[in-house]
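This report refers to the structure that appears directly beneath it.
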Amino acid sequence: MSTKFPEYKNFNLSQINKDILKDWEENKTFEKSLETREGHPSFVFYEGPPSANGMPGIHHVMARALKDIVCRYKTLKGFQVNRKAGWDTHGLPVELGVEKELGITKEDIGTKISVDEYNEACRTNVMKYTREWEDLTSKMGYWVNMEDPYITYDNRYIETLWWLLKQMFEKDLLYKGYTIQPFSPAAGTGLSTHELNQPGCYRDVKDTTAVGMFKVARDEKSEFLYEGIDCDAYFIAWTTTPWTLPSNTALAVGPKVDYVRVRTFNPYTGIPCVVILAKDLFYNFFDKKYEGLELGEYKPGDKRLTFKTLSEHKGTDLEGIRYEQLMPLVKPEGDAFRVILGDFVTTEDGTGIVHIAPTFGADDDRVAKAADISPLILRDKEGKMQPMVDRTGKFFLIEDLDPEFVKNYVNVEAYGEYAGRFVKNAYDPNLTEKDPTLDVDIAVALKKDSLAFKVEKHVHNYPHCWRTDKPVLYYPLDSWFIKTTNVRDRMIELNKTINWKPQSTGEGRFGKWLENLQDWNLSRSRYWGTPLPIWVSEDRTEMKCIGSVAELKAEIEKSIEAGFMTENILADYVEGDNSKANYEKFDLHRPYVDGVFLVSDSGKKLVRELDLIDVWFDSGAMPYAQQHYPFENKEEFDKLFPAQFIAEGVDQTRGWFFTLHAIATMCFDGVAFENIISNGLVLDAKGNKMSKRLGNAVDPFETIEKYGSDPLRWYMITNAQPWDNLKFDLGGVEEVRRKFFGTLYNTYSFFQLYANIDGFNYSDADIKMEERPEIDRWILSLLNSLIKEVEECYEAYEPTRAGRAIQNFVNENLSNWYVRLCRKRYWGGEYDADKISAYQTLYKCLETISILASPIAPFYMDQLFKDLNSVTGRFTEESVHLVDFPKYNEEEIDKALEERMDMAQKISSMSLGLRRKVKIRVRQPLQKIMIPILDESMVPQLEAVKNIILSEINVKEMEFITDTSGVLVKKIKPNFKTLGPKHGKIMKQIAAAIGQMTQEDIVAFEKAGNYAITVNDENVDLTLEDVEIISEDIPGWLVANEGKLTVAMDVNITDELRQEGIAREFINRIQNLRKDSDFDVTDKIKLEIMMHDSINDAVLAHKEYIGSQTLAVSVELVEKLAESEAKAVEIEQGVESFIKIEKVSE
RNA sequence: AGUCCUGUAGCUCAGUUGGUUAGAGCACUACACUGAUAAUGUAGGGGUCCGCAGUUCAAAUCUGCGCAGGACUACCA
């Protein structure tokens, strides 16, 4: 054990970072933090897997610091906190990265490059930055087990996913359907919302829009719309994509929207007609100017369209009314052309009646399905159902359709006009933007047939494919779904049991999302990902879902017997052997699984569905898959699930948080996590998003290298609540380094300096609390309050508050008050009980801080802990991260003491302020201050801290004035908190009445204890509780006040005081000189002072005092000093002397 | 478009159950202190608490409507 506390020449947190890291590695501290907690209750934490195909950024430090803080804290509290790292390895970003690197597109996969080669490239590429990730993890001090991470492409991981999928399959939660999804005909692929949200995808474009006229079918139901008219009635509906009009099969009206029936004329052909539209949008189509005109004043070709409102109807009145197909090119197979209700219909634009083409709009599809309306479907040569537009973006050619279908459903002549036309010119290699579009041609045709009410160009925001720059279509695509809507209510219910930080993300963002939950689209038409383990017969009547490798192996055997396969790719796999080697004998990825054909129970050949599953399923399944459950860890699973804590960015709300929750609900009917922190974004100092492109991204490696990770972590955690966005500013990191770590380091250096001189090693018994001086008991009281507060904050998952409390304690209380006031106790003098108490108290504070702050600043706090413990050996643990969290001692918390020290601080501060006002420096002693006493309890409180105040402000006496003489000028203020509830409305008058009280009134009030006033003929009885009386002034004195406290200062300087002041000036100069001469703190000196009339008396009178303060063995006043060996000093304005100091050897 | 978050000093942030002089740090200015010294303290200037309306004796705080910034989701005639 060392005898000296280590001394540092400089303070380099970056170096400490490296030293401690090395120490942790050598001593296996992380492993020990788990081993020493073996057999303790476990705290379950899940690590959300990052993808290692990109470099880690500064925002990762944020999320990981949060995780680390909680895990380290829980370890201190005695829990065993296993944390397994993981890698997210599948998915589109990986594939796109590889495509870019290899310079290929999706279409090249399987042609220019084999699927096998492609996936191999992905497998390599995805781990490209593994080393950088591991490096950052280590340097930032994030403790997580990187030795044995879970990797989502591992066959064992995939096996668990298959098992989960099979659970869902058997619960009937998997189905295949189609949805309307963004589709890029130019790229021939569907687009994920992620791709659609790339910057610049939504652009303003100018398209031809049309208002179509849908003729109301006249029957019993619609008769009221034909009442009193002599022409046809039409619903009018607007569309920005006229090419979808041939696929119209319904019209939607708003249930609460009011509609009007208007007699007018077709603006293009002048034919009389009646149109129906939303009342609110009436004037968008009819000009107010012509309101008064008679209908008959209109002549065909006129610009001024006359009109007359006939009747009003509710949206609900229109529901169910039938209309004639607008463009009868193809007949639908089922029920269609009916008015339905749509909750999304507004009267913001259009006509308040919405054209529904279920094959080309997501909303359209949804409402049509709900109302049993058929989409307009064609049948192609293979007999497959298709929308009117093929995958290249053109209307199907007649020769590509099933001839039987064409015969029965297609109006060949009418359809032929449009067959083969591209719906956007951009898709047609032969066309430019200048050529007439299909939209225009359709609009023209409608005009000609008197079926268009308005045709115009319109600018709207439309999505474009980020790869081809061409417009996107909404298009029906086949997909596998998980029926999450079946468990929606259960998910909402379970979500209420989760502790979200912040609460609003759980209730609001996540909760609302659950309420509007749609089925989870599981399919991805890609190559690198977990294959869907479903095999289907060609006629789609039979299918099998495979839930394990063993099951697949057995099924392949059957298939070989049936003659569909010749070889079992799983032949070498040994069931029950969970070793890595056994699972590396095969590959569950494409293309290998695609080559597997199975046999159905009735003997049909089964082919695998080519889809991969959504990568979010991979990560959402990590609670089970990281354990290879249920193939391994089946028995102890209740110890591994659910997580007590997870943390990720708020952007994961609909990602990881959702998939974790969904899978846990469906497969285990429980929550996957109990407490969760979702942190906000890390922005640059100006509040902009960081991006490599803009060059404003902060490099975490550089930052840690420069400052060390402690200030970085401390800054990130304490600057703002983690769920608020952080405007990251390196200046803030620097400030934290200086203000918090610098102060703490200074405090330690101070302690170390004197403790080493006195040989303090905490071997003495603890000085009893009651024997310690006031100021020690005070800082210990605060320390215990701090332990309590910090513990509560950590328990509540609020590290920000914990860090701020610690910082405040260190800066304000420990350094700025305790150490400052106690300096003299350490300096010189005997090694007595007071000094021991001082060392023990300061030591205790530093030691406790090192533990309390260790979760946030793991490096420096460990260094501090080790440095302290290296001499005292108070802990057997070698690292702060292995000890137990301190217990606070309620008995040591003394609120009265904290309060009176607070008064002492205020009085000192006011007194120093007064000195400044009259320009009397603190070194000059003054005779006394006076403090008016308003409340008898103040006297003992102030008595107790009297000496602290007097020495702090360099004043000899403190006098209390109880106002019997009436010298105090008092001020009275109403106490709104007590008066408000009692008197309510007349508060203002009461306040005014109190304000007008005279000095005599106040004195009388104080004596009697109550006071009656009359306000608005109402008698109000005031008690002393209802007011606050402070003394404001003492006439003739220099006075300051703050709150209830008032200080009056005697600023007369007697000769005696002046001499003492001069002595202190001397001491100051001598100390400076000692320091300039590089003397050691303990060196003894001989001192000679040159005489000067103004100082001689002072030096003589305080010779002893000067000597004791400057360690001078002799103090001599001399006539003359040679200039070469003496130093000139100015004691006060115009008074100069010379001093000579000389070191004396022992 | 919907949902959620944020808006307080030049900057970064506190601000308890509504209670009457709205705070801290940084930066700036001045002064002081200093054997903790590449520190430190004291004071000063600096505020439409985003706006408007409402509730209340009393609103930075509660309610409503807006505005601005951000995130996510969606994309619609």
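Naming convention: chains lettered A, B, ... in sequence-line order (proteins, then strands); numbering from 1 in each chain. In this text, all values refer to a predicted model and were calculated from it rather than measured experimentally.
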In Watson-Crick or G-U wobble terms, with both distances under 3.5 Å, the base opposite U40(B) is A32(B)

Would you call the rings of F740(A) and W714(A) parallel, tilted or perpendicular, taking 30° and 60° as the class edges? parallel

Test side chain to side chain contact (heavy atoms under 4.5 Å, CB included), reference K501(A), set I676(A), N679(A), I677(A), output is I677(A)

Applying the 3.5 Å cut-off to both distances, the Watson-Crick or G-U partner of A1(B) turns out to be U73(B)

Q) Is E735(A) salt-bridged to R738(A), cutoff N-O under 4.0 Å? A) no

Separation of G41(B) atom P from R820(A) atom CZ, nearest Å, is 8 Å

Between N or O atoms, less than 3.5 Å apart, protein on one side and nucleotides 17-19 of chain B on the other: list the pairs.
| unit_1 | atom_1 | unit_2 | atom_2 | d |
| --- | --- | --- | --- | --- |
| U17(B) | O4 | K977(A) | NZ | 2.9 |

Residue set satisfying ring-ring contact (aromatic ring centres under 6.0 Å, His included) with Y715(A), at least two apart, ordered chain then number -> F728(A)

Those residues at least two apart in sequence (or on a different chain) that pass ring-ring contact (aromatic ring centres under 6.0 Å, His included) with Y754(A) are F750(A)

Whole-Å P distance, C11(B) and G51(B):
15 Å

Here the distance between atom C1' of C31(B) and atom CD of Q924(A), to the nearest Å, is 18 Å

Residue pair T241(A)/I1067(A) against RNA chain B: nearer the 5' end by closest nucleotide is I1067(A)

- Message: Taking R804(A)'s backbone N and O only, do any of them form a donor-acceptor pair with T718(A)'s side chain (distance below 3.5 Å, no angle check)?
- Response: no

(Q) Does R804(A) reach a base, just sugar-phosphate, or nothing at all? Heavy atoms under 4.0 Å. (A) sugar-phosphate

Closest to the 5' end of RNA chain B, once G742(A) and F360(A) are matched to their nearest nucleotides, is G742(A)

Atom CZ of F510(A) and atom P of U3(B) are separated, to the nearest Å, by 18 Å

Scanning all shown strands, the Watson-Crick or wobble mate of G10(B) with both distances under 3.5 Å is C26(B)

Exercise for the section: Answer yes or no: are there more than 12 heavy-atom neighbours, outside R801(A) itself, under 6.0 Å from its atom CZ? Expected result: no

Can you see if the side chain of R737(A) gets near the phosphate of A38(B) - specifically, an N or O under 4.0 Å from OP1 or OP2? no

When rounded to whole Å, the OH to P distance for the pair Y745(A) and U40(B) reads 14 Å

Please write out the pairs of protein N or O atoms and N or O atoms of nucleotides 4-8 of chain B separated by less than 3.5 Å, giving the distance to one decimal.
| unit_1 | atom_1 | unit_2 | atom_2 | d |
| --- | --- | --- | --- | --- |
| C4(B) | OP1 | K512(A) | NZ | 3.2 |

Here the distance between atom P of A36(B) and atom CZ of F5(A), to the nearest Å, is 18 Å

Atom CG of D365(A) and atom P of C75(B) are separated, to the nearest Å, by 12 Å

Nearest-angstrom distance, P atom, U42(B) to C49(B): 28 Å

Query raised in the report: If you look at every strand shown and take non-hydrogen atoms under 4.0 Å, does N719(A) touch a base, only sugar-phosphate, or nothing?
Result: sugar-phosphate

With sequence neighbours left out, the residues meeting ring-ring contact (aromatic ring centres under 6.0 Å, His included) with W243(A) are F360(A)

- Message: What's Y715(A) touching, base or sugar-phosphate or nothing? Going by heavy atoms closer than 4.0 Å.
- Response: nothing

- If you measure from the C1' atom in C26(B) to the same atom in U63(B), how many Å do you get, rounded? 36 Å

| task | Answer yes or no: is there a donor N or O on one side and an acceptor on the other, between the side chain of N248(A) and the main chain of A357(A), under 3.5 Å? | result | no

Partner of G54(B) under the Watson-Crick or G-U wobble criteria, both distances under 3.5 Å, comes out as C62(B)

Exercise. Which part of the nucleic acid, if any, lies within reach of T351(A) when heavy atoms closer than 4.0 Å are counted: base, sugar-phosphate only, or nothing?
Worked result: nothing

Hits for salt bridge (charged side-chain N to carboxylate O under 4.0 Å, His left out) against D614(A), two or more places apart or cross-chain, chain-then-number order -> R524(A)

For nucleotides 26-28 of chain B, print each protein N/O atom paired with a nucleotide N/O atom at under 3.5 Å, atom names and distance only.
| unit_1 | atom_1 | unit_2 | atom_2 | d |
| --- | --- | --- | --- | --- |
| C26(B) | OP1 | K739(A) | NZ | 3.3 |

Salt bridge (charged side-chain N to carboxylate O under 4.0 Å, His left out) filter on R825(A), not counting sequence neighbours, yields D776(A), D834(A)

Suppose you measure atom C1' in C76(B) against the same atom in C67(B); what distance do you get, rounded to whole Å? 26 Å

Those residues at least two apart in sequence (or on a different chain) that pass side chain to side chain donor-acceptor pair (under 3.5 Å) with R820(A) are N816(A), E952(A)

Sorted by chain and number, sequence neighbours left out, salt bridge (charged side-chain N to carboxylate O under 4.0 Å, His left out) with E734(A) holds for R737(A)

*What integer number of Å spans the P atoms of G45(B) and C4(B)?*
42 Å

| query | Heavy atoms under 4.0 Å, any strand shown: does T240(A) hit a base, just sugar-phosphate, or nothing? | reply | sugar-phosphate

field: C1' atoms of G47(B) and G54(B), separation to the nearest Å
entry: 24 Å

* Asked: How far, in whole Å, is A9(B) from A27(B) if one measures between their C1' atoms?
  -> 11 Å

Winner on side-chain proximity to K727(A), out of A14(B), A36(B), U12(B), is U12(B)

Those residues at least two apart in sequence (or on a different chain) that pass salt bridge (charged side-chain N to carboxylate O under 4.0 Å, His left out) with D902(A) are K906(A)

> Checking all strands, does R1064(A) fall into the base, sugar-phosphate, or nothing category for heavy-atom contacts under 4.0 angstrom?
Replying inline: nothing

To the nearest angstrom, the OH-C1' distance between Y818(A) and A36(B) comes to 14 Å

Taken to the nearest whole Å, CG/L726(A) to C1'/C13(B) is 11 Å

Review point. What about S815(A), does its side chain sit under 3.5 Å from the base of A36(B) through a donor-acceptor pair?
Key: yes

Rounded distance in Å between the P positions of G66(B) and C28(B)
44 Å

Those residues at least two apart in sequence (or on a different chain) that pass ring-ring contact (aromatic ring centres under 6.0 Å, His included) with F809(A) are none

Across every strand shown, the nucleotide meeting Watson-Crick or G-U wobble geometry with U20(B) (both distances under 3.5 Å) is none

